[in-house]
> 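Pasting a structure here, questions to come.
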2 protein chains.
Amino acid sequence: MDDLNRRIVGLLLRDGRATFQEIGAAVGLSAPAVKRRVDLMRARGEISGFAAIVDPHALGWDIEAYIEIFCRGNVSPAELQRELGGIPEVVGVATITGDADAIVHVMAASMAGIEESVERIRSTGRVERTRTSVVMSRLIDRPVRPRGGA
Amino acid sequence: MDDLNRRIVGLLLRDGRATFQEIGAAVGLSAPAVKRRVDLMRARGEISGFAAIVDPHALGWDIEAYIEIFCRGNVSPAELQRELGGIPEVVGVATITGDADAIVHVMAASMAGIEESVERIRSTGRVERTRTSVVMSRLIDRPVRPRGGA
DNA sequence: CGTGAAACTTGATGCTT
DNA sequence: AAGCATCAAGTTTCACG
């Protein structure tokens with residue numbers, strides 16, 4: 001990816017609804033040129049999509065937790081993705097090194113919602129044990145930025 | 001927030017560049033009605049913005065990790081926020097229940113970058129011990145988060 | 001890869017119900 | 001609050017350098 005694309009991505013990270021014209025004016029390109037670059041980046045998977053950034057509180061999600069999961073036998077990442085992807089409260093999943101097999105980030109409306117999510121995760125079958133850490137206060141949550149400037 | 005707004009938000013979470021007309025067709029509203037609702041939600045902060053979803057690899061972030069930190073004595077959240085906020089690789093911090101005091105989410109260009117981040121976190125003074133889990137593969141990452149939580 | 005122009009689609013806004 | 005009409009603005013395709 002060249003520097004021009006990095007600048008375009010930087011702008012789209014800050015405003016995903018910026019017009020191609022605006023972006024073009026900012027980076028010194030015409031709108032069609034910007035569109036072609038963005039289309040290419042989407043086709044290559046560098047940009048996987050666009051989304052609204054929503055205040056979790058507005059959705060009624062007042063509590064969040066990290067749930068480490070320990071599985072029996074082998075866990076296929078694809079399987080985990082399929083099983084957990086269907087739970088809307090699950091906002092993040094990653095397989096990790098260390099004693100746990102994966103870490104799951106969930107949001108919920110109440111402690112009961114967290115418990116329910118844990119139950120659903122456990123009931124997927126392969127999960128042997130979970131360890132839940134409820135978030136007391138979120139201190140930092142930044143969007144990921146391009147390395148070396150935007 | 002009523003049910004109609006929730007449906008609109010749901011569509012915008014899946015496609016942040018959907019047109020008002022498309023959304024309107026899906027929820028049974030005219031395009032201007034959708035726009036007015038979206039404008040209101042933005043004004044109220046329920047939707048804090050729109051962003052491109054970018055592959056971290058394309059941005060030069062090849063590795064990520066979760067670092068649990070264990071502090072000696074009392075940790076003030078404000079202090080943690082101040083200390084860790086200065087590390088650009090730190091994209092998320094939350095104090096949690098359980099044995100660890102906080103969990104820190106870091107992105108880096110290489111394993112050396114992770115190590116460096118851990119070192120910087122340790123050197124903030126109050127941190128006694130850390131436990132790092134390197135992400136092997138990220139399966140889900142949904143951008144349901146407010147912007148600028150730093 | 002880039003530009004500029006043309007046809008089409010959306011966005012934004014005032015007015016009416 | 002929603003719909004409709006309207007004009008400005010952005011998108012998209014294409015021929016071309």
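A note on names: the letters A, B, ... follow the listed sequences, proteins ahead of strands, and every chain is numbered from 1.
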> Verify the distance criterion only: is there a donor paired with an acceptor across the side chains of A/S137 and B/T95 at less than 3.5 Å?
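There is such a pair between these side chains.
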
> I need the residues from residues 33-44 of chain B with at least one non-hydrogen atom less than 4.0 Å from DNA chain C; give them sorted by number, or say none.
B/K35, B/R36

> Does this structure show an ion pair linking B/R131 with A/D99, if we count only N-O contacts that are shorter than 4.0 Å?
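Between A/D99 and B/R131 there is no salt bridge, as every charged N stays at least 4.0 Å from the carboxylate O atoms.
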
> Given side chain to side chain contact (heavy atoms under 4.5 Å, CB included), test A/Y66 with A/V104 step by step and report yes or no.
CA-CA 6 Å; A/Y66 290 94; A/V104 181; over 6 Å; no

> For residues B/L13 and B/V34: do they belong to one hydrophobic cluster (side chain heavy atoms under 4.5 Å, members Ile, Leu, Val, Met, Phe, Trp, Tyr)?
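Per the 4.5 Å side-chain linkage, B/L13 and B/V34 are co-clustered.
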
> Within a 6.0 Å radius of atom CD on B/Q21, are there more than 12 heavy atoms belonging to other residues, nucleotides or ligands?
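Open.
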
> Rounded to the nearest angstrom, tell me the gap between atom CG in B/L12 and atom P in C/dG11.
11 Å

> Out of B/R37, B/R42, B/R36, B/K35, which residue meets the side chain to side chain donor-acceptor pair (under 3.5 Å) rule with B/D39?
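It is B/K35; the other options fail the test.
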
> When all nucleic acid strands are considered with a 4.0 Å heavy-atom cut-off, which category describes A/Q21: base, sugar-phosphate, or nothing?
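The residue A/Q21 makes base contact.
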
> For DNA chain C, determine which residues of residues 22-32 of chain A have any heavy atom closer than 4.0 angstrom to one of its atoms, and list them numerically.
A/L29, A/S30, A/P32

> For D/dG10, does either OP1 or OP2 sit under 4.0 Å from a side-chain N or O belonging to A/R17?
no

> Rounded to whole angstrom units, what separation is found between the CZ atom of B/F20 and the P atom of D/dT11?
13 Å

> Rounded to the nearest Å, what distance is computed from the CG atom of residue B/L4 to the C1' atom of nucleotide D/dA1?
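Atom-to-atom, B/L4 to D/dA1, this comes out as 11 Å.
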
> Determine whether A/V127 and A/I96 fall in the same hydrophobic cluster, where Ile, Leu, Val, Met, Phe, Trp and Tyr are linked whenever their side-chain heavy atoms lie under 4.5 Å apart.
no

> More than 12 heavy atoms of other residues, nucleotides or ligands under 6.0 Å from CZ of B/R14: yes or no?
no

